[in-house]
There are 2 protein chains.
Amino acid sequence: MSNTTVENIILGCLSFGPRSGYEIKKIISMSSSWFYNASYGSIYPILKKHEDNGLVSSEETVDNGRYKRIYQLTPKGYKVFEKWMLESPKLMTVKYEMAVKLMFFAHLKPGQRIKQVEQHIEQLILFKQELEEIEPYAASEGDFYQRLILDWGENLYSFLIEWFGKFLDELKNNSGDVPINSKTRE
Amino acid sequence: MSNTTVENIILGCLSFGPRSGYEIKKIISMSSSWFYNASYGSIYPILKKHEDNGLVSSEETVDNGRYKRIYQLTPKGYKVFEKWMLESPKLMTVKYEMAVKLMFFAHLKPGQRIKQVEQHIEQLILFKQELEEIEPYAASEGDFYQRLILDWGENLYSFLIEWFGKFLDELKNNSGDVPINSKTRE
DNA sequence: TAAGAATATAGCAAAATGATATATAAGGAT
DNA sequence: ATCCTTATATATCATTTTGCTATATTCTTA
């Protein structure tokens, strides 16, 4: 059985150096949560599993009187991580509730359609601003790629804002109505 | 407790008319799977739950000698669906393994980077072609919106293909290498 | 007429989420 | 000094979801 993506992300985070479960969660929250998230409920059991399989080793430390378990990649773990890096990635999966609602938009009244799209665009703009405020996590390694991914995210949200903006214009030009059964668009 | 998105999608599918669990899965696979998917393991238990809550009613039918349970929205179910349609949608969640790999791209050799990005662009192009071949499911209601969503999908994948294309050009111009610790991009 | 594709439902292990619980340390406010 | 909040750190658990397998019938096509 091959590792899951989250299992490999954890190996990847440890490739930056030894980290605690809490720190791994922080790396993921700060740099990858908007394109691949993981919760404590995944991270801690996976760290245990990785240790059982010899992919990571751990050491109980005391830092300022506080108990802390630090995990580290083993050579075997690094090999597994490297192998995964060369595999063809899984296709993207998206869960986009607004697109689902679009499927059933015919049920809404024209004014409700305009309001929904306007609110959604506001949400997208807010999220894009949050992205723009993120500073890359890793100081040295992978710094260029951290910035690259942020660039990707900003471009993705720009695309969404633009696309829904055009749709909103169309709705407004038709007072919230759209051609029924129109066979072509633009 | 409010319904989950999948629970609402099922109500939405039934808003097009009475359907069996199998037909609901087909609607989702054919029209929304690339932005919100659901498996039989979700659909059948949810239909039962909806019936227990009085949101749908069902009838056991025999069609060409084949057993079939047809589900239908109740007025209560339609109200729940309508209420959900007016709520602010949840933010998009994305699971994009290629973006994760980008995080750790510094570990790859220049040639490996170029190969990975090339392969990914091929995947994206293939998927976009599949999208272009989809014909909207609903014949009458929501036809415009089915096409709109397909338009959105095609634009989204065009954006991804373009973005990774630019990145590939950059990699090739630097023989797979990228500036380390560069503070700005472009 | 036999293979295989499509229709139809059911069940389950594994994975993931989201939430809660617990506890300590650090920092600022009153 | 004491209180409150935030950050660090780990653990657990019910619910949801996925992906897979099993089962059975009918329709299509070679």
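Every chain is numbered from 1, with letters handed out A, B, ... down the list of sequences. Note that the structure is predicted; figures quoted are calculated from it, not measured. What you see below is based on every heavy atom in this structure, not just the backbone, and it leaves out hydrogens, waters and symmetry mates.
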When you check the gap from the basic side-chain N to the acidic O, do [X] and [Y] get nearer than 4.0 Å?
X        : Y        : value
A/Lys49  : A/Glu7   : yes
B/Arg113 : B/Glu170 : no
B/Lys109 : A/Glu82  : no

Atom pair distance, as rounded to whole Å: [atom1] in [X] and [atom2] in [N]:
X       : N      : atom1 : atom2 : answer
B/Glu7  : D/dT16 : CD    : P     : 7 Å
A/Tyr67 : D/dA7  : OH    : P     : 23 Å
A/Lys48 : D/dT12 : NZ    : C1'   : 9 Å
B/Tyr22 : C/dT7  : OH    : P     : 4 Å
B/Lys68 : C/dA6  : NZ    : P     : 16 Å
A/Ile43 : C/dG18 : CD1   : C1'   : 13 Å
B/Glu97 : C/dA16 : CD    : C1'   : 15 Å
B/Arg19 : C/dT9  : CZ    : P     : 13 Å

With a 4.0 Å cutoff (strictly under), does any side-chain N or O of [X] reach OP1 or OP2 of [N]?
X       : N      : result
B/Lys26 : C/dT7  : yes
A/Lys95 : D/dT18 : yes
B/Ser42 : D/dT18 : yes
B/Tyr44 : C/dT9  : yes

Categorize [X] for me: base, sugar-phosphate, or nothing, with a 4.0 angstrom heavy-atom threshold over every strand shown.
X       : value
A/Ser39 : base
B/Tyr40 : base
B/Gly21 : sugar-phosphate

From the list B/Thr74, B/Leu73, B/Leu55, side chain to side chain contact (heavy atoms under 4.5 Å, CB included) with B/Val80 holds only for B/Leu55
Only one of B/Phe16, B/Tyr78, B/Tyr36 forms a ring pair (Phe, Tyr, Trp, His ring centres under 6.0 Å) with A/Phe104, so which one is it?
B/Phe16
Given C/dA8, D/dT10, C/dA15, which nucleotide is nearest the side-chain atoms of B/Ser20?
C/dA8
